[in-house]
Amino acid sequence: MFISNMKQKASQYSRLIHFFANTLIWMTIISLALALGYFNTLTFHAIAELFTVIIAFSAFIIVLNTYNISQNNYLTFLGIAFGFISIFELLHLLSYAGIDIFKLHNINIDLLISIIPRLLQSLSLLVSFAFINRRLNIAVSITTYCFITIALISGIAFAGNSLKLYTAYIDFMATFQFLELIVVMLFATALVILIVNRKSLKFRVYKYMLLSMLASISADILLVVDLNMNSMINVASHILKFIAFFCIYKAVIQNTLRNPVDAMFSELDMIKNELAEKNHEISRNNEKLKHDIDDLHMVEKLLRKSKAWSRSIFEGSPVGIALLNTNSIVIEVNPALEQILGYSANEIRNIGISNITHIDDIEKDSRLFDNLLESNIESYKIEKRYIRKDNKIIWANVMVSYIQNVGEDFQFIIAMIEDITQQKENEESQRLLVERLEETNKELDNFAYIVSHDLKAPLRGIGSLANWLITDYKDKLDKEGADIIDLLINRVERMKNFIDGILQYSRVSRVKENDVEIDLNRVVREVIDLLAPPENIEIKVKSQLPVIKGDRIYIEQIFQNLLSNAIKFMDKPEGKIRINCKETEGFWEFSVKDNGAGIDEKYFNKIFMIFQTLQPRDKFESTGVGLSIVKKIIETNGGKIWLTSEVKKGTTFYFTIPMNI
């Protein structure tokens, strides 16, 4: 821990010493430059411009040699631009007054040459931002700058010959200041774009670019303020310009390598890394190949097992299986098919499946088989008959499939044949039984009507005779005789109701009308209107009743019997009957609740038995059939009925009806 802290402090001290050393060096350089500019302006300008040219061209050379490992196309573009900017800076140095390597006939040409590199620099900075996240074509960029350079030099040469014609009309100093202001605005715009895109650059690159642009803006502002080439302001402007170019150089270094010497080894490192990646990839491929070989061995084992399993399934299947070629020739059959058809495998191969097919099924089977071979269908299923070896006709459920593209010369048809003879015989027996049952029901229905008619005929005669006696001999009969005749008439009416109840009860499970949609809200209202309850009894439906599908007559009978019983046995001066409904697990659950006399729990089963009543029939006229009919209707339709009750407090009947009836 102590050693680690010591190393950390040593590193901090080292960075601090490095900072102060750099600061001292730059202060010394700037001081010497200012002193030189003060005592000898021409020498200062020559040295400053020369170093500027060297720095700009060095950045260009570094970019040309390291663009393939560059980390940012933005600075690569700037490096190319500064190479061509250095040409104009060199041209300005060689034509500078006092040096006169290139002698100019007009001093304004020197002003024109000095403004060109700054315009080119500011415009290049603006264009360079387009390549922060975009691919840069080096050849196109260099070619473009070559054309621009040639065009500008040609323009300067042309201006040198013709500019003297316009000297009297143009204020070149004002024009120069105007162009310098444009350059300042272009640099300021580039500075704003740099700040906006700072996250796209490394911090060190961003730092140097920020310093470069600030130095360039300051240098051009000083030139706008004072155009005197021999003033200290002009000296300060050249120092700032040198700093701006040096910062660009440092940014280019950061973009490629911190130390330019490392560029010689970077390509070698890249090749080394590529070789390491290739080696790693080869190792992975070898490992994968090893796994693939192991997988192939495993697949071979599985295929062998699969073949054994397939053979086992083929031999042991309870369903008959036949393999045929596309010419309907039998290749192989399993033992189950031998047992179904009664032929051995060799006999089936010799005879052929189609030759033991029942003659009435051959046409349909052949048509489907042809469609299968023509690829119109992938498979088909058919019920057909076969003629066994013992000439017995059997029924079979046959599934035929065309197995294709298994091999170039190996395509076959597989037929799976299930013996359904017993099923067909059972279906035929069931059909005959249903027909016989329907005939029996019709006979029972006719018998019930005949019995009903024959029983009702003497009852009607007795009733008519009793009514005749009470009408014609009313004055001759004493009270006891009249009561006996009234009792006789009531007994005759009760007997008729008994016969009707028996007839209705017998029809519930035998006679099924067409199911229709029934709006129970309407049905219940009609039943209530038909029963016409007395004023002291209130009947309310507490919830919205559903629309169901069923036999309307039977549904009406359910509500009519339950409501009529509730009305009939009401013993309260203010009777209340409530009808409710709710959903419960696929059923509609209904309830009919009253506040009547109630039923003792020991009679809960008795009330659903036919002809059973809890009150004497002379007190409450009843056949004892109503609740029996209700129970039979509900249970026949898949529901159930039950009740809860308290004596003297009331009764609630519950019943369910499936939602899908």
A.B. asks: Compare every heavy atom of K241 with every heavy atom of T52, then report the nearest pair and how far apart it is.
C.D. replies: CG2-CE, 4.1 Å
A.B. asks: Quick check on M399: does its CE atom have over 12 non-hydrogen neighbours (other residues, nucleotides or ligands) under 6.0 Å away?
C.D. replies: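 Above 12, so yes.
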A.B. asks: Mind checking the NZ-NZ spacing from K542 to K582? Nearest 0.5 Å is all I need.
C.D. replies: 12.0 Å
A.B. asks: Are there more than 12 heavy atoms of other residues, nucleotides or ligands under 6.0 Å from atom OH of Y206?
C.D. replies: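 Yes, enclosed.
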A.B. asks: Which atom pair, heavy atoms only, marks the closest approach of Y402 to L372?
C.D. replies: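 Shortest heavy-atom contact: CD2-O, 3.4 Å.
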A.B. asks: Side chains of F84 and I142: closer than 4.5 Å at any heavy-atom pair?
C.D. replies: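 A side-chain contact exists here, since the closest heavy-atom pair is under 4.5 Å.
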A.B. asks: Roughly how far apart are L222 CG and L240 CG, rounded to 0.5 Å?
C.D. replies: 6.0 Å
A.B. asks: Determine whether a donor-acceptor pair (N or O, by modelled atom type, separation under 3.5 Å) exists between the side chain of D220 and the backbone of E180.
C.D. replies: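 Between the backbone of E180 and the side chain of D220 there is no qualifying donor-acceptor contact (under 3.5 Å).
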A.B. asks: Evaluate the criterion side-chain contact (heavy atoms from CB on, under 4.5 Å) for residue pair F203 and R198; output intermediate values, then yes/no.
C.D. replies: CA-CA 8 Å; F203 176 73; R198 63 186 180 277; over 6 Å; no
A.B. asks: Can you give me the closest heavy-atom contact between F587 and M659, atom names plus distance?
C.D. replies: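 For F587 versus M659, the nearest heavy atoms are O-CE, 3.4 Å.
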A.B. asks: For S212 and A244, work out which heavy atoms get closest and say how close.
C.D. replies: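 Taking every non-hydrogen atom into account, OG-O, 2.9 Å.
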A.B. asks: Identify, with sequence neighbours excluded, every residue that meets salt bridge (Lys or Arg N to Asp or Glu O under 4.0 Å) alongside R522.
C.D. replies: E526
A.B. asks: Name all residues meeting the ring-ring contact (aromatic ring centres under 6.0 Å, His included) criterion together with F57; count only those two or more places apart in sequence or in a different chain, and write none if there are none.
C.D. replies: F60
A.B. asks: What are the two closest non-hydrogen atoms of M213 and F187, and how far apart are they?
C.D. replies: SD-O, 4.5 Å
A.B. asks: Assess whether side-chain contact (heavy atoms from CB on, under 4.5 Å) is satisfied between I248 and M209, documenting all intermediate values.
C.D. replies: CA-CA 6 Å; I248 292 288; M209 290 306 302; 3.5 Å; yes
A.B. asks: Please walk me through it: do L194 and F129 pass side-chain contact (heavy atoms from CB on, under 4.5 Å)?
C.D. replies: CA-CA 8 Å; L194 174 70; F129 288 108; 3.7 Å; yes
A.B. asks: Given side chains that start at C-beta, do those of P546 and F590 come closer than 4.5 Å, heavy atoms only?
C.D. replies: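 Sidechains of F590 and P546: in contact.
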A.B. asks: Nearest 0.5 Å, what's the CG-CD distance between N580 and Q544?
C.D. replies: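 Rounded to the nearest 0.5 Å, the CG-CD separation comes out at 11.5 Å.
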A.B. asks: Suppose the criterion is side-chain hydrogen bond (donor to acceptor under 3.5 Å, both in side chains): which pairs have a residue in residues 139-152, not counting sequence neighbours?
C.D. replies: S124-Y145
A.B. asks: Verify side-chain contact (heavy atoms from CB on, under 4.5 Å) between L211 and I243, making sure each step is shown before the conclusion.
C.D. replies: CA-CA 8 Å; L211 289 173; I243 292 171; 5.9 Å; no
A.B. asks: Which value, rounded to the nearest 0.5 Å, describes the distance between I221 atom CD1 and I217 atom CD1?
C.D. replies: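 Atom-to-atom, I221:CD1 and I217:CD1 are 6.5 Å apart.
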A.B. asks: When I413 is tested against each of V400, N325, L323, I331 for side-chain contact (heavy atoms from CB on, under 4.5 Å), which residue passes?
C.D. replies: V400
A.B. asks: Taking the side chain as every heavy atom from C-beta outward, state whether I85 and I116 have any atom pair closer than 4.5 Å.
C.D. replies: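 Side chain of I85 against side chain of I116, heavy atoms only: no contact under 4.5 Å found.
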A.B. asks: Starting at CG of L120, measure out to CD1 of I115 and round the result to the nearest 0.5 Å.
C.D. replies: 11.5 Å
A.B. asks: Less than 4.5 Å apart, side chain to side chain, heavy atoms only: is that true for L125 and L186?
C.D. replies: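 When only atoms from C-beta onward are counted, L186 and L125 do not touch, as no gap falls below 4.5 Å.
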A.B. asks: To check you understand the geometry: which heavy-atom pair defines the closest contact between W588 and P658, and what is its length?
C.D. replies: CD1-O, 4.5 Å
A.B. asks: Out of curiosity, I377 CD1 to N371 CG, how far, rounded to the nearest 0.5 Å?
C.D. replies: 5.0 Å
